Q: 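Below you'll find the structure I mean.
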Amino acid sequence: MTARICWNCGVHAQMHGMQLASPRKDPWHNWAIPMQCGHCGDINVAHVSSVYEQSSHVYTQFMEEDGSIASWHPNRLDAPDFPDTPREIAEPAHEAYVASSNYALRASILMARGVLEAICKDHGVTKGQLFQKIDAMESEGHITKSLKNAAHAVRDLGNDMAHGDFVKTDPTEAQAKQVLAIMRLFIEQLYEQPAQTARLLGEDPDVPQPEA
């Protein structure tokens, strides 16, 4: 047996192989095998490099350790909500998380990079390339120097891809997660935290109000 975090219930549970008469291959020539979550019973699909036939059915006989599992689908989507962020920024940000959860790492990084540029424009910073926009965000007091440097790291990582040079880039899951974390910092500091603070000061009588 093998285990994973189920996309549906979020529990790290045993996945039980299911019998099937006609397995299918994905575009990468891996077998797509349905596995049932031992906790909630929902289906998780394992894309494996080999299966073994027995009688008229195909049974899965593999362990995660032997490398036969190429990937799992669907993955559990762990995307934050951005209720105080403009829709034209929050929705693409959510799509960046969706792309990453489905192993579309280049798409995720490019979407996050685009979100950063959209945030710059939303704050009136429209001149120049993304490099100049990021610098202007700091010089105009919208972001800190450390956040500016983080944004430049995202720009650097996605720059070749943004200009069609995909041969030069092969991003890892760790890099995609880092990019999403930086994008999230941008959104939280520029939209979510100010809105939450305003509500807190305006609605909570126990919070001291600033002097006029």
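Owing to the predicted nature of the structure, the values given are computational and were not obtained by experimental measurement.
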Q: Is any side-chain heavy atom of Pro86 less than 4.5 Å from a side-chain heavy atom of Asp122?
A: yes

Q: Which atoms form the tightest heavy-atom contact between Arg87 and Glu91, and what is the distance?
A: NE-OE2, 2.6 Å

Q: Is there a path of hydrophobic side-chain contacts, each under 4.5 Å between heavy atoms, that joins Phe186 and Ile109?
A: yes

Q: Just so I know, are the side chains of His73 and Tyr103 near enough to count as touching, which here means a heavy-atom distance under 4.5 Å?
A: yes

Q: Hydrophobic cluster membership, with links at side-chain heavy-atom distances under 4.5 Å among I/L/V/M/F/W/Y: are Ile143 and Ile187 in one?
A: yes

Q: Under 6.0 Å between ring centres: does that hold for Phe82 and His94?
A: no

Q: Any idea which heavy atoms bring Ala176 and Leu105 closest together, and the distance?
A: CB-CD2, 3.9 Å

Q: Answer yes if Leu185 and Val115 sit in the same cluster of Ile, Leu, Val, Met, Phe, Trp and Tyr residues linked by side chain heavy atoms under 4.5 Å apart, and no otherwise.
A: yes

Q: Are Leu190 and Leu180 connected, step by step, through hydrophobic side chains (Ile, Leu, Val, Met, Phe, Trp, Tyr) whose heavy atoms are closer than 4.5 Å?
A: yes

Q: Holding to ring pair (Phe, Tyr, Trp, His ring centres under 6.0 Å), I want the full list of residues that pass it with His39, two or more places apart in sequence or in another chain.
A: none

Q: Identify, with sequence neighbours excluded, every residue that meets side-chain contact (heavy atoms from CB on, under 4.5 Å) alongside Ala153.
A: none

Q: Looking at every non-hydrogen atom in both residues, tell me the closest pair between Leu116 and Met183 and how far apart they are.
A: CD2-CA, 4.1 Å

Q: What pairs meet the salt bridge (charged side-chain N to carboxylate O under 4.0 Å, His left out) rule with one or both residues in residues 141-160, with sequence neighbours excluded?
A: Glu138-Lys148

Q: Can you sort out the partners of Glu140 under side-chain contact (heavy atoms from CB on, under 4.5 Å), two or more places apart, ordered by chain and number?
A: Val125, Ala136, His142

Q: Taking only residues two or more places apart in sequence, or in another chain, which ones meet His152 in a ring pair (Phe, Tyr, Trp, His ring centres under 6.0 Å)?
A: Phe131

Q: Starting from Val179, can I reach Leu147 by hopping between I/L/V/M/F/W/Y residues whose side chains sit under 4.5 Å apart?
A: yes

Q: Taking the side chain as every heavy atom from C-beta outward, state whether Met35 and His16 have any atom pair closer than 4.5 Å.
A: no

Q: Going by the rule side-chain contact (heavy atoms from CB on, under 4.5 Å), which residues pair with Cys6 if we only count those two or more places apart in sequence or in a different chain?
A: Asn8, Cys9, Met15, Cys37, Cys40, Asn44

Q: What are the two closest heavy atoms between Tyr191 and Ile89, and how far apart are they?
A: OH-CD1, 3.2 Å

Q: In Å, rounded to the nearest 0.5 Å, how long is the span from CG of Asp170 to CD of Gln175?
A: 8.5 Å

Q: Quick one: closest heavy-atom pair of Leu110 and Gly158, and the distance?
A: CD2-O, 3.8 Å

Q: Please check: side-chain N/O of Ser101 versus main-chain N/O of Val98, any donor-acceptor pairing under 3.5 Å?
A: yes

Q: For Ala181, enumerate each residue passing the side-chain contact (heavy atoms from CB on, under 4.5 Å) test, keeping only those at least two apart in sequence or located in another chain.
A: none

Q: Glu88: what forms a side chain to side chain donor-acceptor pair (under 3.5 Å) with it, not counting sequence neighbours?
A: none

Q: Should we count CD of Gln178 as having more than 12 external heavy atoms under 6.0 Å?
A: no

Q: Strictly distance-based, threshold 3.5 Å: is any side-chain N or O of Gln14 a donor or acceptor partner for the main-chain N or O of Gly38?
A: no

Q: Please examine the side chains of Tyr97 and Leu77, heavy atoms only from C-beta on, and report whether any two atoms are closer than 4.5 Å.
A: yes

Q: To the nearest 0.5 Å, what is the distance between CD1 on Ile5 and CH2 on Trp72?
A: 12.0 Å

Q: With side-chain hydrogen bond (donor to acceptor under 3.5 Å, both in side chains) as the rule and sequence neighbours excluded, what pairs involving residues 105-121 come up?
A: Arg113-Asn159, Glu117-Lys133

Q: Residues in side chain to side chain donor-acceptor pair (under 3.5 Å) with Thr144, at least two apart?
A: Ser146

Q: Please list all pairs meeting salt bridge (charged side-chain N to carboxylate O under 4.0 Å, His left out) that have one or both residues in residues 171-196, counting only residues at least two apart or in different chains.
A: Arg184-Glu188

Q: Applying side chain to side chain contact (heavy atoms under 4.5 Å, CB included), run through Asp42 and Trp7 and close with a yes or a no.
A: CA-CA 9 Å; Asp42 217 324; Trp7 72 273; 3.7 Å; yes

Q: Transitive ILVMFWY cluster of Val11 at side-chain heavy atoms under 4.5 Å: who else is in it?
A: none

Q: When Ile182 is tested against each of Asn149, Val154, Leu157 for side-chain contact (heavy atoms from CB on, under 4.5 Å), which residue passes?
A: Val154

